[in-house]
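Everything on this sheet refers to the single structure shown next.
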Protein chains: 2
Amino acid sequence: MDARRTSLSANETRTRILDVAQALFAAHGFDATSMRMITGDAGVNLAAVNYHFGSKDALVQEVLKRHLRPLNGSRIQALDAAEAAAGGAPVKPSVIVESFFSSPLELAAGSDAGREFMRLLGRTFTEPSPMIRDFLVTEYEEVIGRYREAFCRALPAVPVEEILWRLHFMLGAMSHAVAGVDSLQVLTGVKVDEPDAMQRMAPRLMSFLLGGLRAPLPGPDGRIE
Amino acid sequence: MDARRTSLSANETRTRILDVAQALFAAHGFDATSMRMITGDAGVNLAAVNYHFGSKDALVQEVLKRHLRPLNGSRIQALDAAEAAAGGAPVKPSVIVESFFSSPLELAAGSDAGREFMRLLGRTFTEPSPMIRDFLVTEYEEVIGRYREAFCRALPAVPVEEILWRLHFMLGAMSHAVAGVDSLQVLTGVKVDEPDAMQRMAPRLMSFLLGGLRAPLPGPDGRIE
DNA sequence: GTCTATAGGGGGATAGAC
DNA sequence: GTCTATCCCCCTATAGAC
């Protein structure tokens, strides 16, 4: 850091704000992170966030978009590739699951910033703020639609409601696992903050998800076995 | 509500604050819920929270404790009963899972307030606040220890780390399913807010969890099959 | 373009009247 | 015991100087 520096390029300032904001949002949550904390840590002026992004809400959306857009894009590419390889036949459920969950797990395993982002994203699903909810609905609309359709084609005998429930459970297990909830970490002793924790987790999670997806459906009386 | 009423008994005020706070925390989150919102909705004075609970943080803990203590108590009772029925032999994994997850699912299915509390609790796991994290660690210490031990006895061939990961995944799937994350609800069309949604979900979730628990372990190369 | 200074609106907590 | 009035803090956003 050059102490004689008096200004940054517009792009440098933007990126620096996004990086710092992501770290602080991940560590403290959206509400508990103030613009003063962000601009202070980033070494930029308090007014810079409003100048570059318009508002704190817009900054939140920009932080999420930056990695979520490419993430959901590669999910769709993976499904495209799997469907092309299947040549018109339905794609196997295990391949669909792998296509959906590989990208986020690779992102989380690839770098500190990637892991940080996935922790943030996992927590974002449980934010009650309408602004966040609307944002996620828009961002996930296409990818969820594509995968729902793929599952329905792969499992024509299973009612669509059952498929949606299982997709919901799988998303929950992944979100929580990646968010690496500190409480559970302390309780169970599973270290989710070590650099290679995600590499060790990914195959275990994938196995768990497939096991859940393949579990026998409960009978009409709610009994499982 | 009697408009002529000028005061409430201390106990009535306390309970009313707890009920209203739980509803607002569930709807808006802890940070976004102000003491003014709570005391306003409860029809009590602004100073009442500090008088009865000491601080907003203490109120948060009290709201959580009120139902979490009985919840974890009945989890331990269920495990005690299962171990007594097994007469010294290890309890079957499916019975352990059922013992752990029946109580929260029944609470969520039993009443509007129970569902509201479980939604709140599900979100609480992802709160980054140290105060919340410390609170949860303390409250879950005993019950997690008991269940970890039971799983280890039931599955002596499985490394303890694998068991802890699966427990972590199961807790995540349940938390998210019960929190009924609005975003996922909108995306998947699964209605989690209908009165009987929890009754319909419970057997499906239990089946999913057992399927995940029983999934084959990934090999040393990370391959599943 | 960048930053300083400040407006304007909550927030949690509490002293002191009743 | 209960409530009113208020303290003092920090927040976001912006007008206007540089």
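A, B, ... follow the sequence lines: proteins, then strands. Residue 1 opens every chain.
In this entry the distance linking CZ of B/F53 with P of D/dT2 reads 12 Å, nearest Å. Atom CG of B/L59 is separated from atom P of C/dG12 by 11 Å (rounded to the nearest Å). As a whole-Å value, the separation of B/M35 CE from C/dG12 C1' is 5 Å. Rounded to whole Å, the distance from CZ on B/R14 to P on D/dG1 is 15 Å. Here the C1' atom of nucleotide D/dC11 and the CG atom of A/D57 are 13 Å apart, to the nearest Å. Note: CD1 (A/I38) to P (D/dA13) measures 11 Å, nearest angstrom. When the P atom of C/dT2 is taken as reference, atom CD of A/E12 falls 11 Å away, rounded to whole Å. A straight line from CG of B/N11 to P of D/dT2 spans 11 Å, rounded to a whole angstrom.
Screening residues 99-115 of chain A for salt bridge (Lys or Arg N to Asp or Glu O under 4.0 Å), with sequence neighbours left out, gives A/D112-A/R115. Sequence neighbours left out, not one pair with a member in residues 25-45 of chain B passes salt bridge (Lys or Arg N to Asp or Glu O under 4.0 Å). Within the structure, every pair that satisfies the side chain to side chain donor-acceptor pair (under 3.5 Å) test and touches residues 68-82 of chain B, not counting sequence neighbours, is listed here: B/R69-B/E139, B/N72-B/R75, B/S74-B/S103, B/D80-B/R146.
A/R166 contributes a side-chain N or O that, together with a main-chain N or O of A/L213, makes up a donor-acceptor pair within less than 3.5 Å.
Taking only side-chain nitrogens and oxygens, A/S34 never comes nearer than 4.0 Å to OP1 or OP2 of D/dC10.
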Please write out the pairs of protein N or O atoms and N or O atoms of nucleotides 4-9 of chain D separated by less than 3.5 Å, giving the distance to one decimal.
from  : atom 1 : to    : atom 2 : distance (Å)
D/dT4 : OP2    : B/N45 : ND2    : 2.7

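In this structure A/A113 satisfies the side chain to side chain contact (heavy atoms under 4.5 Å, CB included) test together with A/Q22, A/S111, sequence neighbours excluded.
With DNA chain D read from its 5' end, the first of the two nearest nucleotides for A/S55 and B/A48 is the one closest to B/A48. The residue among A/M37 and A/Y51 whose nearest nucleotide of DNA chain D lies closer to the 5′ end is A/M37.
Counting heavy atoms from C-beta on, the side chains of A/L105 and A/V178 come closer than 4.5 Å.
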Please list every donor-acceptor pair under 3.5 Å in which a side-chain atom of residues 53-62 of chain B meets a protein atom from a residue at least two apart or in another chain.
from  : atom 1 : to    : atom 2 : distance (Å)
B/S55 : OG     : B/A58 : N      : 3.1
B/K56 : NZ     : B/F30 : O      : 3.1
B/K56 : NZ     : B/T33 : O      : 2.6

